[in-house]
Amino acid sequence: MPRSMQRLVPLLFCAILAAATSPCLAQNRANGELIAKTWCAGCHDIDGISPPFGRSDAIPSFPAVANMSSTTAASLRVFLSTPHARMPDYNLTQREIADVSEYILSLKK
Ligand code: HEC
């Protein structure tokens, strides 16, 4: 098998496994939660449980974001891929964006 294809094998494996049992998805979510705790919790209430830091009511909590009808994986990707005036640009990788989006979406009730 060519080297370039060999690198795809773990990805494919994960995709197939995710479709079957979704442990890979669970891992993405855990990584997303870590990113949220590390980078986002200073401003956002990231789980609706954590005590407030110096947050303002003008900053939506992640459960609130998750429950907005306009919120989808695609809308989160667009939002997090573009700079915002009142939010720092963390230059998240596509992978980090996908993980943190998955975490946010998992908070939907
Ligand atoms: C310095 C404070 C700050 C940090 C840190 C921060 N945000 Fe925000 N975020 C904001 C503010 C303020 C808004 C509201 C922006 C607006 O209304 O224009 C916002 C809005 C959002 C929204 C959009 C909600 C909507 O109305 O659609 C999402 C999603 C979001 N943030 C995700 C994140 C993620 C993910 C992180 C961590 C990687 C993060 N934010 C870190 C301040 C912050």
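For the numbers below, each heavy atom of this structure counts, side chains included, while hydrogens, waters and symmetry mates do not. Each ligand, and each atom within it, is numbered from 1 in the order the structure gives.
Under the side chain to side chain contact (heavy atoms under 4.5 Å, CB included) criterion, Leu105 pairs with Thr71, Ala73, Leu76, sequence neighbours left out.
No side-chain donor-acceptor contact under 3.5 Å links Asp99 to the backbone of Ala30. His44 places a side-chain N or O within donor-acceptor distance of the main-chain N or O of Pro60, the cut-off being under 3.5 Å. Asn31 places no side-chain N or O within donor-acceptor distance of the main-chain N or O of Gln27, the cut-off being under 3.5 Å.
Looking only at atom types and distance, the side chain of Arg95 has a donor-acceptor partner in the side chain of Asn28 under 3.5 Å away.
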Between ligand 1 and the protein, which N/O pairs are shorter than 3.5 Å?
unit_1: ligand 1; atom_1: 7 (N); unit_2: His44; atom_2: NE2; d: 2.8
unit_1: ligand 1; atom_1: 9 (N); unit_2: His44; atom_2: NE2; d: 2.8
unit_1: ligand 1; atom_1: 17 (O); unit_2: Arg86; atom_2: NH1; d: 3.3
unit_1: ligand 1; atom_1: 31 (N); unit_2: His44; atom_2: NE2; d: 2.8
unit_1: ligand 1; atom_1: 40 (N); unit_2: His44; atom_2: NE2; d: 2.8

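How far OH of Tyr103 is from CZ of Arg29: 6.0 Å, rounded to the nearest 0.5 Å.
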